[in-house]
Amino acid sequence: MRNSNITKNRIRVALLLVLAASIIGLAPAFSASARARSFSVNDVSGNYVELANGWTFGHGVVNFLPNSQVALVTFTPATGTFHEEMILRVAGDNIYNILDGTYTVDPTGHGTMTWNNGEKHRDFYIVNGGAELKWIITDPPTTGVASNSGTMTRQ
């Protein structure tokens, strides 16, 4: 008789643990913070300061030159355009660029930037609620950039 009560109690405890785990497991599904957020170009607006590093092709197939850059990028969601004033340093030389183009943002927070000449291209993700953009260059190989990535921080 005594073993029967112990078995019943163990079953009850096990069922309570399963019930508690189920409730805890379902709680995020009902949480407002767990719902997927939908992004748009309106989440990327105003001024961002950009800091990036990468490599450009030098002379020859395996010769790469280091580069770094800092820039002020202004995004205008009403027109889906951006304006960038950049200081680029490649192998010790300073290059000042002014770039204009268009940008898009899909509901997942993935965005693209395309220069007006269509040659240059970046992909980015919105992080920290739009306070930062993490990006990587996705140019065709003919542009001379081997690899480049960075962060833009909203001002």
Side-chain angles (χ1 to χ4, degrees), residues 16-155:
L16 282 174
L17 288 173
V18 168
L19 179 61
S22 298
I23 291 170
I24 291 169
L26 288 174
F30 298 104
S31 168
S33 63
R35 290 187 202 115
R37 178 173 179 212
S38 184
F39 292 93
S40 74
V41 291
N42 295 317
D43 292 294
V44 180
S45 66
N47 293 322
Y48 286 74
V49 171
E50 172 183 278
L51 184 62
N53 292 290
W55 298 91
T56 57
F57 292 110
H59 302 290
V61 177
V62 292
N63 186 10
F64 298 104
L65 301 173
N67 70 59
S68 56
Q69 65 195 56
V70 64
L72 178 64
V73 185
T74 303
F75 292 93
T76 307
T79 56
T81 58
F82 70 89
H83 175 79
E84 181 168 349
E85 296 184 21
M86 174 194 309
I87 301 169
L88 177 65
R89 186 152 174 93
V90 178
D93 291 329
N94 294 325
I95 302 166
Y96 300 92
N97 281 330
I98 294 179
L99 308 163
D100 292 294
T102 59
Y103 75 103
T104 63
V105 176
D106 69 24
T108 67
H110 168 256
T112 62
M113 296 172 69
T114 304
W115 279 245
N116 281 344
N117 66 10
E119 185 177 276
K120 304 287 282 172
H121 190 267
R122 286 182 186 154
D123 278 67
F124 64 84
Y125 276 96
I126 299 172
V127 295
N128 297 327
E132 291 183 328
L133 307 177
K134 299 287 187 178
W135 64 266
I136 188 166
I137 203 87
T138 51
D139 293 349
T142 57
T143 64
V145 179
S147 177
N148 195 258
S149 61
T151 299
M152 293 186 217
T153 305
R154 182 181 283 158
Q155 300 303 294

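Quantities reported herein were computed from a predicted structural model and do not represent experimental measurements.
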Trainee: Judged by modelled atom types alone, do Asn148 and Asn67 share a side-chain donor-acceptor pair under 3.5 Å?
Mentor: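 Per modelled atom types, Asn148 and Asn67 side chains form a pair under 3.5 Å.
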Trainee: Quick check: do Phe39 and Thr108 have side-chain heavy atoms less than 4.5 Å from each other?
Mentor: no
Trainee: Taking side chain as C-beta onward, heavy atoms only, is Asp43 less than 4.5 Å from Val41?
Mentor: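 When only atoms from C-beta onward are counted, Val41 and Asp43 do not touch, as no gap falls below 4.5 Å.
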Trainee: Could you tell me whether the side chain of Asn47 reaches within less than 4.5 Å of the side chain of Leu72, counting heavy atoms only?
Mentor: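 Yes. Closest side-chain heavy atoms under 4.5 Å.
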Trainee: Hey, mind stepping through Trp55 and Leu65 against side-chain contact (heavy atoms from CB on, under 4.5 Å) and telling me if it holds?
Mentor: CA-CA 5 Å; Trp55 298 91; Leu65 301 173; 5.7 Å; no
Trainee: Run Thr112 and Asp123 through side chain to side chain donor-acceptor pair (under 3.5 Å) and show every step you take.
Mentor: CA-CA 5 Å; Thr112 62; Asp123 278 67; over 6 Å; no
Trainee: I'd like to check Ile126 versus Val105 (side-chain heavy atoms, cut-off strictly below 4.5 Å). Are they in contact?
Mentor: yes
Trainee: Tell me the closest heavy-atom pair linking Ala71 and Glu84, and the distance in Å.
Mentor: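 Result for this residue pair: CB-OE2, 3.5 Å.
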Trainee: Quick one: pull up CZ in Arg122 and CD1 in Ile137 and give me the separation to the nearest 0.5 Å.
Mentor: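 Atom-to-atom, Arg122:CZ and Ile137:CD1 are 5.5 Å apart.
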Trainee: Backbone N or O of His121 within a donor-acceptor pair of the Asp139 side chain at under 3.5 Å?
Mentor: yes
Trainee: Without swapping roles, check the side chain of Tyr96 against the backbone of Glu85 for a donor-acceptor pair under 3.5 Å.
Mentor: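 Checked: no pair found.
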Trainee: Any heavy-atom pair between the side chains of Phe75 and Met152 that's under 4.5 Å?
Mentor: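 A side-chain contact under 4.5 Å exists here.
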Trainee: Do Ser147 and Phe64 come close enough that some side-chain heavy atom pair is under 4.5 Å?
Mentor: no
Trainee: Counting only N and O atoms by type, is there a donor-acceptor contact under 3.5 Å from the side chain of Thr76 to the main-chain atoms of Ala78?
Mentor: no
Trainee: Keeping Asp106 on the side-chain end and His110 on the backbone end, is there a donor-acceptor pair under 3.5 Å?
Mentor: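 At least one qualifying donor-acceptor pair exists.
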Trainee: Can you find a pair of side-chain heavy atoms, one from Lys134 and one from Phe124, that are under 4.5 Å apart?
Mentor: no
Trainee: Hey, what's the ring geometry for Phe82 with Trp115, parallel, tilted or perpendicular (30° and 60° as the breaks)?
Mentor: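 Geometry flag for Trp115 against Phe82: perpendicular rings.
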Trainee: Per the salt bridge (Lys or Arg N to Asp or Glu O under 4.0 Å) rule, what does the pair list look like for residues 91-100, sequence neighbours excluded?
Mentor: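 Sorted result for residues 91-100: empty, none.
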Trainee: A side-chain contact here means heavy atoms from C-beta on lying under 4.5 Å apart; do Thr143 and Lys120 qualify?
Mentor: yes
Trainee: Does the side-chain contact (heavy atoms from CB on, under 4.5 Å) test come out yes or no for His83 and Val73, once each step is laid out?
Mentor: CA-CA 6 Å; His83 175 79; Val73 185; over 6 Å; no
Trainee: Using the side-chain contact (heavy atoms from CB on, under 4.5 Å) rule, take Thr104 and Thr102 through it: C-alpha gap first, then chi angles, then the decisive distance, then the call.
Mentor: CA-CA 7 Å; Thr104 63; Thr102 59; over 6 Å; no
Trainee: Can you tell me if Glu50 uses its side chain to pair, donor with acceptor, with the backbone of Tyr48 under 3.5 Å?
Mentor: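 No, Glu50 side chain to Tyr48 backbone: no donor-acceptor pair under 3.5 Å.
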